[in-house]
2 protein chains.
Amino acid sequence: METRRIDPVNCSVARALSVVGERWSLLIVREALDGARRFGEFHSRLGIARNLLATRLETLVTAGVMRRVPYQEPGDRQRFAYELTEQGRALRPTLVALLEWGDTYLADPQGPSVIVRHRPADDASSCDEPVKVVLECAAGHSHLAPEDVCRTPGPGARFLESS
Amino acid sequence: METRRIDPVNCSVARALSVVGERWSLLIVREALDGARRFGEFHSRLGIARNLLATRLETLVTAGVMRRVPYQEPGDRQRFAYELTEQGRALRPTLVALLEWGDTYLADPQGPSVIVRHRPADDASSCDEPVKVVLECAAGHSHLAPEDVCRTPGPGARFLESS
DNA sequence: GGCCTGAGTTGAAGAACTAAACTCACGAAG
DNA sequence: CTTCGTGAGTTTAGTTCTTCAACTCAGGCC
């Protein structure tokens, strides 16, 4: 029998990248996690072209990563802001993983420009220690090395016959 | 005093994305983590255009994510294969995080097509339980929610005066 | 009314991506 | 020694995506 391979196109990584894999998407999400809400904030923080920002925000809203909400500053007309949905906030681990990778291998000589810290919103138990992303299995083994994990087919796997 | 904001361009996420943020880069790394080594393997698994694959592999090699190594099949001439460096393998947590996000929010109705399992290379302690990515702070608080972390300036931070 | 501001939209030029045909180096077959 | 087959790219032409700059649009303010 031929060895079977998991179809690499029917994969959540590919689907995830089709939503947040475009050039500015993850940076927009990062700024949103950091508190950006308005069109102009994203524009001036990132320096992204305005039309592209409009397109990206629309894509992210359509994908359910962000939400377009009306707001009104006193003495100003109604405008729209963009905020993350729960789905969007769930990208935090991905961004922390990328940040860590960048810090480790592409570091600024000065050191990292950003440190992610444990600081709950209610600030009651202000811990403030740096946060890392770790791989952990369901049996409780933690801090797995990249070599200690492998991909296996799941229930939705399609296969390709290797030719 | 004006509130100071961390310069969002001088950031490891942005630097990381400049290396692996292009359309196919992370999928190439994923296939490499799954054992792909040769030009044709990447090409047929991903369906990426050949010229683009050549360009991406060159970019990844230049960036230190992959390495070009000569190999020779018996009765064939010498060719080149591409394998991940340690820097490339370190992208595993990023890919697991993306996979998890995709599984959670963009799932195939059949269920996930890929499950990442704890299975060390030497297979001695074959645990095989599914692996997740978790946020953990240096004080040992684990399984932090996205809301429980925040970004703070590090030693290499540049600031922008908000205008 | 005329001016200002934030939030987009439009349009032209340049860069990136796709697809398919082409080249190249070698080993094997005749 | 000539031809054929194969893996690994390269070339080229066409399409799509990004960028940049200029323009529009709606309301508030003078």
Side-chain angles (χ1 to χ4, degrees), chain A residues 5 8-9 14 17-32 35-63 66-83 160 162-163, chain B residues 5 8-9 14 17-32 35-63 66-83 160 162-163:
Chain A
R5 263 194 3 256
V9 172
L17 288 173
S18 74
V19 172
V20 293
E22 285 161 306
R23 200 163 298 268
W24 292 95
S25 308
L26 280 174
L27 293 175
I28 291 173
V29 171
R30 186 196 59 175
E31 290 308 317
R37 290 173 41 83
R38 292 161 27 173
F39 187 92
E41 286 180 305
F42 291 106
H43 173 60
S44 64
R45 289 197 193 193
L46 293 172
I48 179 177
R50 299 167 145 289
N51 55 348
L52 197 50
L53 175 57
T55 309
R56 281 294 166 277
L57 287 171
E58 199 186 325
T59 305
L60 291 171
V61 168
T62 304
M66 301 189 88
R67 185 189 297 128
R68 190 164 182 261
V69 296
Y71 76 100
Q72 188 156 24
E73 304 259 308
D76 202 355
R77 69 175 159 137
Q78 183 185 58
R79 298 178 187 281
F80 290 93
Y82 299 85
E83 57 186 40
L160 305 173
S162 56
S163 54
Chain B
R5 261 194 6 254
V9 172
L17 287 173
S18 74
V19 172
V20 294
E22 286 160 306
R23 199 166 300 267
W24 292 95
S25 308
L26 280 175
L27 292 175
I28 291 172
V29 171
R30 185 197 61 176
E31 291 307 317
R37 291 170 42 82
R38 291 159 30 173
F39 187 92
E41 287 181 305
F42 291 106
H43 173 60
S44 63
R45 290 196 194 193
L46 294 173
I48 177 177
R50 304 168 86 70
N51 56 348
L52 197 49
L53 175 56
T55 309
R56 279 297 163 275
L57 286 171
E58 198 186 326
T59 306
L60 291 171
V61 168
T62 304
M66 302 188 89
R67 185 188 297 128
R68 188 164 184 262
V69 297
Y71 76 99
Q72 187 156 24
E73 304 260 310
D76 202 355
R77 69 176 160 136
Q78 176 179 293
R79 299 177 185 281
F80 289 93
Y82 299 85
E83 57 185 40
L160 305 172
S162 56
S163 54

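Any value given below was found using the heavy atoms of this structure, including those in side chains, with hydrogens, waters and symmetry copies removed. Letters A, B, ... mirror the listed sequences (proteins, then strands); counts begin at 1.
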Task: Separation between CZ of B/Arg68 and CZ of B/Phe80, rounded to the nearest 0.5 Å - done: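 Going from CZ on B/Arg68 over to CZ on B/Phe80, the span is 4.5 Å.
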Task: Straight-line distance of A/Leu57 CG to A/Trp24 CH2, nearest 0.5 Å - done: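 If we round to the nearest 0.5 Å, A/Leu57:CG and A/Trp24:CH2 are 12.5 Å apart.
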- [ ] Return the 5'-most residue of the pair B/Arg77, A/Gly40 with respect to DNA chain C, ranking by each residue's nearest nucleotide.
- [x]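 With B/Arg77 and A/Gly40 compared, the 5'-side residue is A/Gly40.
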Specify the separation, in whole Å, of atom [atom1] of [X] and atom [atom2] of [N].
{"X": "B/Leu57", "N": "D/dT10", "atom1": "CG", "atom2": "C1'", "value": "14 Å"}
{"X": "A/Glu73", "N": "D/dC29", "atom1": "CD", "atom2": "P", "value": "12 Å"}
{"X": "B/Tyr71", "N": "D/dT6", "atom1": "OH", "atom2": "P", "value": "15 Å"}
{"X": "B/Leu52", "N": "D/dT10", "atom1": "CG", "atom2": "P", "value": "13 Å"}
{"X": "B/Leu46", "N": "C/dT18", "atom1": "CG", "atom2": "P", "value": "11 Å"}
{"X": "B/Glu58", "N": "D/dT10", "atom1": "CD", "atom2": "C1'", "value": "12 Å"}
{"X": "B/Leu53", "N": "C/dT18", "atom1": "CG", "atom2": "P", "value": "11 Å"}
{"X": "A/Gln78", "N": "D/dG27", "atom1": "CD", "atom2": "C1'", "value": "12 Å"}

- [ ] May I ask you to verify whether the side chain of A/Asn51 and the base of D/dT18 hold a donor-acceptor pair under 3.5 Å?
- [x] no
Task: Base of C/dG8 paired with side chain of A/Arg50 (donor-acceptor, under 3.5 Å) - done: yes
Open item on the list: Go nucleotide by nucleotide along DNA chain D from the 5' end; which of B/Arg23 and A/Arg79 gets its closest nucleotide reached first?
Closed with: B/Arg23
Task: Residue whose closest nucleotide on DNA chain D lies nearer the 5' end, A/Gln72 versus B/Phe80 - done: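 Result of the comparison: B/Phe80.
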Could you tell me if the side chain of [Y] sits less than 4.5 Å from the side chain of [X], heavy atoms only?
{"X": "B/Leu27", "Y": "B/Arg56", "value": "no"}
{"X": "A/Phe39", "Y": "A/Arg79", "value": "no"}
{"X": "A/Leu46", "Y": "A/Arg30", "value": "yes"}

Taking only the side-chain nitrogens and oxygens of [X], find out if one of them lies under 4.0 Å from OP1 or OP2 of [N].
{"X": "B/Arg56", "N": "C/dC17", "answer": "yes"}
{"X": "B/Tyr82", "N": "D/dG7", "answer": "no"}
{"X": "A/Arg37", "N": "C/dA7", "answer": "no"}
{"X": "A/Trp24", "N": "D/dC17", "answer": "no"}

Open item on the list: Using a 4.0 Å heavy-atom cut-off, does A/Ala54 contact any base of the nucleic acid, only the sugar-phosphate backbone, or nothing at all?
Closed with: sugar-phosphate
- [ ] With heavy atoms under 4.0 Å as the rule, sort A/Phe42 into base, sugar-phosphate or nothing.
- [x] nothing
